[in-house]
Each structure stands twice: as structure tokens, then as C-alpha cells.
Colleague: 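This is the structure, below, for whatever I ask next.
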There are 2 protein chains.
Amino acid sequence: MRAYERVVEQIEEAIESGALSPGERLPSERELMVQLAVGRSTVREALRVLQARGLVRSRPGDPHGAEVLPFSPAALHKSMTTLARVEQLSLGELVQFRMVLDSAAILLAARLRTEEQLAEMNKAVEAMRAAAGTEPGAADTEAFGRADVAFHDAVVAASGNKLIQICTDVVRQIVLRQISARIDAADDRQALMRRSIQHHEEVIEAIRAGDGPLAARLSRRAMYDYYAPYVKESETSALRALLE
Amino acid sequence: MRAYERVVEQIEEAIESGALSPGERLPSERELMVQLAVGRSTVREALRVLQARGLVRSRPGDPHGAEVLPFSPAALHKSMTTLARVEQLSLGELVQFRMVLDSAAILLAARLRTEEQLAEMNKAVEAMRAAAGTEPGAADTEAFGRADVAFHDAVVAASGNKLIQICTDVVRQIVLRQISARIDAADDRQALMRRSIQHHEEVIEAIRAGDGPLAARLSRRAMYDYYAPYVKESETSALRALLE
DNA sequence: AAGAATTTGTTCGTATGTATG
DNA sequence: GCATACATACGAACAAATTCT
């Protein structure tokens, strides 16, 4: 076993077990090199790996040593993005994945949501309405996107499943990176927004009524309508398989 | 921007764009250090990061330089495992995630499967039957597990969604690591196997008939029955929300 | 506000074990 | 079996950055 791997595992264990908490500091490189009886380059290679995994961050000149970071899905995001590139994941597959996870979150939310969470969802849709604007050309695309994210955050929070939350979040970002340019360029942006808002309102109503299967079906339909125009013709049938 | 980060990005870009294919070799460290005009340690730190991301592998003494690897979900697996530990993901959440993705894959498979893929599923269930054995105590737990994996592989292959395939695969391994000991220790292993086989047969029949929603519902029920005993009492209701 | 002290970033030289041909 | 080239690992040295006095 490599020396740097031993160092990685020791520090990783300390962090994941909770012996080291976010915000705490690692010893300096020179101290680690004494404590662990390895050379400085070995310590540095180990720190690079831990940094790549999103567990620590080190800055030049920081006298307190590397900082233990709170968990972030950055590493997950990175490996999924890599997956999407090297496996050439199609937009259709990504959207399909989102349709599945998002509708599951909504199904659960319809069952488990509190009144506060429902209010949160309503607030988000209200913000979407404000961003879409009333007069032609007054739409704030960016604010609309933020409100949309807030809505979905409220939903996955109500679903109670952090894994679903993180995965949908990661995949949403990957999807948006692929097509945000085309969405921005659409000349009927405002019409798209209005339709999207209406869809969201229907979903919320179903969640309020506690009808999970209906809410889930509506959400799949909404996502299909929104993203299908950007998906290859040959893949839309696989998406429609989720709609019935 | 750090020197090693530039090196990481350059090599990463070459790999993800396809300019470097799996099996091909990177220049040796000394050559990279000349080509990129950086020191040796910088090259090494970059290679460590790329290795942590599962993109390359280097061995001491290899005169051909680091090898570009085919994509593997190892990095994804690693970051999800980290996520499960530091976010303290419960078994309930993990099982719920599998219920959602697996049943979605089955729903799609019922629509899109070919005859060959259906035959593959039948073969896997046949292998499960063989592993469960006919006489008491003759069960081969490991072979049963392998056959079960083969079944789900055939299903996700038929679903046509590689992202679902990889995510279910990763989460299954995490779940099994958490409870395989308890499953092995169960004294009614063979009864569990027989019930599982029956569930699989029902799912296959629904897939054969093209009834996706039924197949999906059956698969959720099967997974619930199999894993619920290991899930905390307080979490089973969230699992049952997926059953209706 | 400015400088001292310490840390990380980076380079380089050296020694050692290992795989290839 | 041997020579060669390689990765692994160590440590000294200097530059750049940050914090603290």
C-alpha cells in the first residue's frame, strides 16, 4: 500500500467518523509529516486527494493548517459530470432521471409535508409569478430559475430524503449547463414561464389535497413539456413512457 | 490558479474529450514535467487527483507511463459512500432511493425490453432458483446474490438508462455493505429466497405482459418486504408511502 | 500600517524498489 | 539475469501568500 494512501485513509477516517468536524483544522504539513513519519511530498499528495474529494481545503500562508469542510455534493457533481461526458449520457437520459426522482419526491411530499413546507412551496411559486412579470418583456429569467429551484428544494425537503435531494440537484445543474443557452435564446420565454407556473400550481394543489400519485403524474408531465423540445426525437418516446 | 490544477484540467480535458482513450498511456512524469514546464511534484500531485477521480492509474516501474482507464463508477461510489457517512444517511433513505429508481427501471423495461433481454431476466431468476436449492440448508447465498444482481442488470439494461443503472448499482452496494451481515445471519434465509424468487417471477410476468405500472408496483413491494425488517420502525411509513 | 514569522506552493536532487525488454 | 527507465518517497531550498505582532 502506498504511503500517501495510508495518510489519506487516516485523515478520511478521522473526518467521516466525526473525530474531526467541519471548521476544525488539520495540523500543518510539516507537523503532519512528523506525526505520520512521512515526507512532505507524501503529505501533500494525500492532501490533494482529500481536497479532490471535497473533504478539506488548504490555502497558501494559512498558519492554521488545512480546513475540514462541511459536506458538499461537489465531488458527487464532478463524478456525475465526468460520467455524463465519457459515457456520453444523452439529455434524454438526464431528463428521464430527473422525471423519476422529482416525481418520487413529490409523491412523498404529498404524504409527508407539513403546513410550513406547503407554504414554502406557495411562496416559491409566488416568486416565479413575480419573476415572470405581467407586461411583455419584463421577465427576469434568472430570478425565475432561482424561484423554480426554491420550489423543488421545498419539495425534496418535504420528501425527507436527502439522497434524492442531492441527486436531483446535481443532475439539474448538469441538464441546465447543457441547455441553458437554448432556453435563454427562446423567444417565447414568457409563455414558457406562464405555462410552467400553471403546472406548478396544479402540482401544489394535488400536494395540498394529499393526492401523491396525481401530483407525481402532473410533475412528470410538466417536466416533459418543458424539456422535451430540447431532447432528440428518437428519445422522446422513452420519456413519454413515464407519463401515462 | 494553482499549477497542478492546470495540469489536472489539461489532462482531464484530453481524456473526457476523447483525445486520449482508455488503454492509452500518458507521457512519463519526467516527460510531462518538460512538456508542461512544471516541476516533478506538481505533475505528481496532478496525477494523484486524476487517480482519485478514477481517470488514470500509474504503477511504479511501468515504462509506458500512466494508463488512461475506462470509465468506472468507483469515484461516484466513493463520493456517495462519503455522503452516506457524513450526512448519516439512514438505511431507510437508501432503500427508498432504490425502490424509486429500481421501479422506474422496471417500468421502462416493461415498455422497451427486447425478447433477448426478457430471456436474460428469466435466466437470472432460473439461477436464483438453482442457488436457493431444493433441500433445506443447500442454499448458496453468494450465488443467489449474484443472480439477483444479474436480474437487475438485465432490467436496467432494458430500461436504456445508464444513469439509473449506475446509481442503482452504487446504492445497492452501499445498502448491502450495511446489512449483508444481518442477512447472512438470518435463520430463515431459504424462505426469504423463495419469497424473493416468487416476487421476481411476478415482476417478469408483468414485464412480459407489458404492464409497466403493475411491474413497478410489484417490484417496490418486493423490495419493501425484503429490506423493511432492517429499517427502523420510524422510517417504514415513508417506505410504505411508495407502495400504494 | 508595516514588518516578522509561519505556512503553503513549487522546484530540484537523490535514493530506492520495481516492471519491462 | 541484467540494464534501463520508471514511479515512489524523502528532504532541502526558495517564492508567494497569509496572519499576527
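Chain letters run A, B, ... following the sequence lines, proteins first, then strands; residues in each count from 1. Remember, predicted model here, so these are calculated numbers, not experimental data.
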Colleague: Let me know the distance between CG of A/Leu36 and C1' of D/dA9, rounded to the nearest Å.
Modeller: 14 Å
Colleague: Quick one: list whatever passes side-chain contact (heavy atoms from CB on, under 4.5 Å) with B/Val86, sequence neighbours left out.
Modeller: A/Glu16, A/Phe71, B/Thr82
Colleague: Heavy atoms under 4.0 Å, any strand shown: does B/Glu29 hit a base, just sugar-phosphate, or nothing?
Modeller: base
Colleague: Could you list the residues that satisfy side-chain contact (heavy atoms from CB on, under 4.5 Å) with A/Ala143, not counting sequence neighbours?
Modeller: A/Ala131, A/Asp140, A/Arg146
Colleague: How many angstroms lie between atom CG of A/Leu94 and atom CG of A/Leu83, to the nearest 0.5 angstrom?
Modeller: 8.5 Å
Colleague: Could you check which residues of residues 4-14 of chain A get a heavy atom under 4.0 Å from DNA chain C? Sort them by number, please.
Modeller: none
Colleague: Side-chain N or O of B/His64 versus OP1/OP2 of C/dG21: is the shortest distance under 4.0 Å?
Modeller: yes
Colleague: What residues, two or more places apart in sequence or in another chain, satisfy side-chain contact (heavy atoms from CB on, under 4.5 Å) together with A/Met33?
Modeller: A/Arg40, A/Val43
Colleague: Could you state the interatomic distance from CZ (B/Phe97) to OG1 (B/Thr168), rounded to the nearest 0.5 Å?
Modeller: 9.0 Å
Colleague: Just the rounded figure in Å: distance from C1' of C/dT11 to CZ of B/Arg44.
Modeller: 14 Å
Colleague: Output yes when at least one side-chain N/O atom of B/Arg48 is less than 4.0 Å from OP1 or OP2 of D/dT8, else no.
Modeller: yes
Colleague: List every contact pair, protein side and nucleotides 11-18 of chain D side both N or O, where the distance is under 3.5 Å.
Modeller:
residue, atom, partner, partner atom, Å
D/dG11, O6, A/Ser41, OG, 3.3
D/dA13, N6, A/Arg40, NH1, 3.4

Colleague: Would you give the length of the straight line joining atom CG of B/Leu47 to atom CZ of A/Arg48, rounded to the nearest 0.5 angstrom?
Modeller: 13.0 Å
Colleague: Give, for atom CG of B/Asp169 and atom CZ of B/Arg172, the distance between the pair rounded to the nearest 0.5 Å.
Modeller: 4.5 Å
Colleague: Kindly write out the residues that satisfy ring pair (Phe, Tyr, Trp, His ring centres under 6.0 Å) with B/Phe151, not counting sequence neighbours, or none if the list is empty.
Modeller: B/His200
Colleague: Output the rounded distance in Å from CG (A/Leu32) to P (C/dT7).
Modeller: 12 Å
